[in-house]
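Working notes, beginning with the structure itself.
Start at 1 with the first residue, then count along the sequence.
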Amino acid sequence: MRRKIITDVEYLHRKQEAIEYHKSLETLKTMKMFMLINKNLADKTLGLASNQLGLEGRVILYRADTKHNFKHLINPTLETYKNTDTIQTIEQCLSVPNVSILVKRYKSIVVQSYTTPLNWEYSHPTLSEGLVIQHEVDHLDGILMIDKEVK
C-alpha cells in the first residue's frame, strides 16, 4: 500500500498509544521506507511522526544534521519541568501544508525513549533538534502546530 501524509485534522488530534517494541521497529521500518521512496519530501522535511502516515505507535524520525541522516525515537517522552526558558519559532508541517505559524517551544529539553525493549535512554538534543522533537512528539500527543499558535 502506497502511503501518503495524512492531513485529516480530526485523525491527527487523536493521541497515539505506545505499542510493543518490536512492532514499533516495524513502524520505524515503514517510515524509513517512506522517506527513501519520497526523496524530494525527505530532502525538505525535518521530522515525521508515525501517525502522519497512519501508522500505529509512538515513533518519530527527525533530522540529525544538515545531510540526509535521520535519527529515530521510540515511545519518546519529554521532560521540561526544570526549564522555563522558551523561544518563539516559525514552524511548518507536512500535515498542515502551505502554512507557517509562530509557536512557543522550550529552549532545552530532556528526551527519554527506548533503545531496546527494556532499556530507556535519556538524551539532551541540541536546540534545533529539540525544536523538531517537540513538534513531532506533539503529533503523537494529538497536538498540531495550529493548536499552539502564538497570537
Side-chain angles (χ1 to χ4, degrees), residues 3-19 21 24-25 27-32 34-36 38-115 119-151:
R3 299 218 174 254
K4 64 179 186 170
I5 297 292
I6 292 178
T7 58
D8 178 347
V9 173
E10 185 177 330
Y11 172 82
L12 292 169
H13 273 121
R14 295 181 200 148
K15 184 174 180 174
Q16 299 300 297
E17 299 299 323
I19 58 174
Y21 181 81
S24 294
L25 292 179
T27 294
L28 175 61
K29 182 179 173 183
T30 301
M31 293 171 71
K32 287 182 174 181
F34 175 84
M35 293 303 241
L36 286 171
N38 296 282
K39 184 175 175 354
N40 289 339
L41 182 69
D43 287 346
K44 295 183 277 190
T45 191
L46 298 176
L48 182 69
S50 52
N51 61 330
Q52 288 181 278
L53 294 177
L55 298 169
E56 288 186 299
R58 295 182 59 83
V59 180
I60 68 171
L61 285 177
Y62 66 97
R63 176 122 14 236
D65 54 37
T66 57
K67 297 179 182 169
H68 302 291
N69 300 322
F70 282 90
K71 291 182 181 178
H72 68 273
L73 297 172
I74 295 175
N75 296 329
T77 59
L78 304 181
E79 292 183 14
T80 58
Y81 62 90
K82 294 180 182 177
N83 177 13
T84 58
D85 293 336
T86 59
I87 186 173
Q88 290 187 5
T89 183
I90 299 288
E91 291 189 2
Q92 296 177 324
C93 182
L94 296 171
S95 291
V96 186
N98 305 314
V99 175
S100 296
I101 291 181
L102 183 66
V103 297
K104 189 187 301 186
R105 298 284 182 197
Y106 291 100
K107 285 185 178 180
S108 175
I109 59 172
V110 176
V111 179
Q112 183 180 10
S113 65
Y114 278 108
T115 54
N119 186 44
W120 282 94
E121 178 180 281
Y122 289 91
S123 61
H124 303 268
T126 65
L127 174 61
S128 60
E129 287 178 341
L131 295 174
V132 175
I133 291 169
Q134 289 174 76
H135 177 102
E136 301 307 333
V137 170
D138 275 353
H139 270 297
L140 299 177
D141 290 339
I143 301 167
L144 298 174
M145 67 177 196
I146 56 177
D147 302 322
K148 298 188 96 159
E149 182 175 13
V150 174
K151 305 276 182 184

From CA spacing to verdict: side-chain contact (heavy atoms from CB on, under 4.5 Å), E56, Q16: CA-CA 7 Å; E56 288 186 299; Q16 299 300 297; 5.7 Å; no

- request: In sequence, state the C-alpha distance, the side-chain angles, and the governing distance for I74 and L25, and then conclude on side-chain contact (heavy atoms from CB on, under 4.5 Å).
  value: CA-CA 8 Å; I74 295 175; L25 292 179; 3.6 Å; yes

query: When you measure from the side chain of S123 to the backbone N and O of P125, does any donor-acceptor pair fall under 3.5 Å?
result: no

- prompt: Can you name the nearest heavy-atom pair linking A49 to H139, along with the distance?
  reply: CB-CB, 3.5 Å

task: For T115, enumerate each residue passing the side-chain hydrogen bond (donor to acceptor under 3.5 Å, both in side chains) test, keeping only those at least two apart in sequence or located in another chain.
output: N119

- prompt: Once you round to the nearest 0.5 Å, how far does CG of L78 lie from CZ of R105?
  reply: 9.5 Å

query: Could you walk me through whether I90 and I101 pass the side-chain contact (heavy atoms from CB on, under 4.5 Å) check?
result: CA-CA 5 Å; I90 299 288; I101 291 181; over 6 Å; no

field: L131 to Y106 - nearest heavy-atom pair and separation
entry: CD2-O, 4.0 Å

field: Separation of N38 CG from D43 CG (nearest 0.5 Å)
entry: 10.5 Å

- prompt: Can you tell me if S100 uses its side chain to pair, donor with acceptor, with the backbone of Q92 under 3.5 Å?
  reply: no

- prompt: So, E91 and K148, do they make that salt bridge, N to O below 4.0 Å?
  reply: no

4.5 Å side-chain heavy-atom contact, Y62 and L46: no

Inter-residue atom distance I5.CD1 - L94.CG, 0.5 Å rounding: 4.5 Å

- request: Measure the CD-CZ distance between E17 and R58 for me, rounded to the nearest 0.5 Å.
  value: 7.5 Å

task: Evaluate the side-chain contact (heavy atoms from CB on, under 4.5 Å) criterion for residues N69 and R63: first the C-alpha distance (whole Å), next the side-chain angles of each, then the deciding distance (0.1 Å), finally the verdict.
output: CA-CA 6 Å; N69 300 322; R63 176 122 14 236; over 6 Å; no

field: Heavy-atom closest contact (N75 atom, Y114 atom, distance)
entry: ND2-CD1, 3.4 Å

field: Stepwise salt bridge (Lys or Arg N to Asp or Glu O under 4.0 Å) test for R14 and D141
entry: CA-CA 7 Å; R14 295 181 200 148; D141 290 339; over 6 Å; no

query: Looking only at heavy atoms, which two atoms of V111 and P76 are closest? And how far apart?
result: CG1-CB, 4.4 Å

task: May I ask you to test the S95-L12 pair for a side-chain heavy-atom distance under 4.5 Å?
output: yes

message: For the backbone of V96 and the side chain of T7, can you confirm whether one donor and one acceptor N or O come within less than 3.5 Å of each other?
response: no

message: To the nearest 0.5 Å, what is the distance between CZ on F34 and NZ on K4?
response: 11.0 Å

- prompt: Can you find a heavy atom in the side chain of K15 that is under 4.5 Å from one in the side chain of L140?
  reply: no

message: Could you measure the distance from the OG atom of S24 to the CD1 atom of I19? Nearest 0.5 Å is fine.
response: 4.0 Å

- request: Side-chain contact test, heavy atoms from C-beta onward, threshold under 4.5 Å: evaluate it for L102 versus E149 and give yes or no.
  value: no

message: If you define the side chain from C-beta out and look only at heavy atoms, does anything of L61 sit under 4.5 Å from K32?
response: yes

query: Are K71 and E129 close enough, and set up right, to give a salt bridge (Lys or Arg N to Asp or Glu O under 4.0 Å), and what steps lead you there?
result: CA-CA 10 Å; K71 291 182 181 178; E129 287 178 341; 3.7 Å; yes

task: Decide yes or no for I6 and N51: does some side-chain heavy atom of the first lie under 4.5 Å from some side-chain heavy atom of the second?
output: no

query: Closest approach of M31 and S50, non-hydrogen atoms and distance?
result: CE-N, 3.6 Å

field: Sub-4.5 Å side-chain heavy-atom contact between S108 and H124
entry: no

Donor-acceptor under 3.5 Å (E136 side chain, I133 main chain): no

